[in-house]
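Quick notes on the structure that follows.
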2 protein chains.
Amino acid sequence: MPPPRRPGQRAGLTRARVLTGANELLAEHGVESVTMRGLAKHLEVTPNALYSHVTSKTALLDEMLDDLLAKVQTPDPQADDPRTGLHQLMSSTYHVLLTHQDLVPLYLARQGARGHNAQHLGEIMISLLARGGVTGQPAREALRVLIVYTIGFAAFAARGPLVPGDRPQPPNQELIANFDSGLHWLLTGIGVTK
Amino acid sequence: MPPPRRPGQRAGLTRARVLTGANELLAEHGVESVTMRGLAKHLEVTPNALYSHVTSKTALLDEMLDDLLAKVQTPDPQADDPRTGLHQLMSSTYHVLLTHQDLVPLYLARQGARGHNAQHLGEIMISLLARGGVTGQPAREALRVLIVYTIGFAAFAARGPLVPGDRPQPPNQELIANFDSGLHWLLTGIGVTK
DNA sequence: ACCTGAACACCGTTCAAGT
DNA sequence: ACCTGAACACCGTTCAAGT
């Protein structure tokens, strides 16, 4: 809690402050608490003040989504064979998404993955597929299939809270194993070589 | 438009009328138009009148979601081999979901598939997997993988309208082909026999 | 440029009261 | 039992005005 400002004193809001405030709210009270009005109260400004730094709530959420993908661990091109690398990349993405379960449904409900981080991961996947012997149209199809599968599974774990206000449950071990099985089936079917 | 009622005259609302009214709104103006207040206006009653027939908006949407699955075509156990049957069942599910694109994100955001129709389809899938040589724990995992993949792909097609109020776009042929490729890879990886 | 006050046009849901 | 009037506690966003 910052000290209360006297009238006439600047709030000193920045785009970055708005972003971190939104992430604080998300971490402490879940997606449902991330409202423009709630965020404004958290930052001790009036709701409309936010619009000097963010064009809309949607734009704010999009930014939060793409920022999340920066945490995905990319495989070492030297150390790992392409199939293992692909498996690890998708697995890391899945786990990152699981840490912010309640944000995932927005991925599918909205734009999916169009931010810079998302695009970067896509390029890495394409190169891994190529090294695994999959190129051209099949590679583009495999890319989409792997993305949809991974985000879909994360969204599935993120079943809406039974009671609104519930915090995310601990990651379900059975579901994680299930994700791995499916990923294995997919990579086998696609024919990615080791 | 029903004729205007005189004061004291009953509205004659029923649970079924509320459901069909909601589906009309969905078909004509999209999910975003399905609000309790908007639905009330469509049915020419006050908003709170709906709560005599439906416990909440969430319950209403759940019912709408499960009703949708009744339209899925189930394969003929006699005519088709299990792998083809499974492919057709998932494909039919995918196309049914595509006809109501904007409803799909709710599937993943909320309960997924818990209604009677969803459960019935799950049982058919399990028996098809068994006939295809997949039983026990692998069958349960395959079931979830196939469901997540199918709903995920439908949700992916259902990218939020770029401009709020946009109506669903015509089914994208490229995406449909992509769904088929992935489904093929999955069934191959799972090892469902013909 | 950045922020406030006030307002617009909405939401879901509840409660007391009427028939 | 079914429905209305009125209210509660919210939303996202815009606009004019102040510093």
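Values reported hereafter were calculated over all heavy atoms of this structure, with side chains retained and with hydrogens, waters and symmetry mates removed. To find a chain, count down the sequence lines: A is the first, B the second, and so on, and within it residues start at 1. These numbers were taken from a predicted model, which means no experiment stands behind them.
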Fill in the blank from the handout: Among D/dG12, C/dC11, C/dT4, the one nearest any side-chain atom of A/Ala49 is C/dT4
Practice task
Could you give the distance separating D/dA16 and C/dC2 at their C1' atoms, to the nearest angstrom?
Solution key: 15 Å
Fill in the blank from the handout: Ranking C/dT13, D/dC11, C/dT4 by distance to the side chain of A/Val45, first place goes to C/dT4
Practice task
Could you measure between the two C1' atoms, the one in D/dA9 and the one in C/dC10, and give it in whole Å?
Solution key: 14 Å
Exercise for the section: Identify whether any heavy atom of A/Thr35 sits under 4.0 Å from a base atom; if not, whether one sits that close to sugar-phosphate; answer base, sugar-phosphate or nothing. Expected result: sugar-phosphate
Handout entry: Below 4.0 Å: OP1/OP2 of D/dA1 and any side-chain N or O of B/His53
Key = no
Handout entry: B/Ser52 side chain near D/dC2 phosphate (N/O to OP1/OP2, under 4.0 Å)
Key = no
Exercise for the section: Nearest whole angstrom, please: distance from the P of C/dG12 to the CG of B/Leu61. Expected result: 10 Å
Practice task
Please work out whether the ring planes of A/Phe179 and A/Phe153 are parallel, tilted or perpendicular, with thresholds of 30° and 60°.
Solution key: perpendicular
Problem - Straight-line distance of A/Phe156 CZ to A/Tyr149 OH, nearest 0.5 Å - result: 11.0 Å
Handout entry: Interatomic distance, B/Leu50 CG vs C/dC15 P [rounded to whole Å]
Key = 17 Å
Practice task
Please determine, by modelled atom types, if A/Thr84 and A/Asp81 share a side-chain donor-acceptor pair under 3.5 angstrom.
Solution key: yes
Problem - Donor-acceptor under 3.5 Å (B/Thr150 side chain, B/Tyr94 main chain) - result: no
Exercise for the section: Check the distance between D/dG12's P and A/Met36's CE and give it to me in whole angstrom. Expected result: 7 Å
Exercise for the section: Could you measure between the two C1' atoms, the one in D/dC11 and the one in C/dC8, and give it in whole Å? Expected result: 12 Å
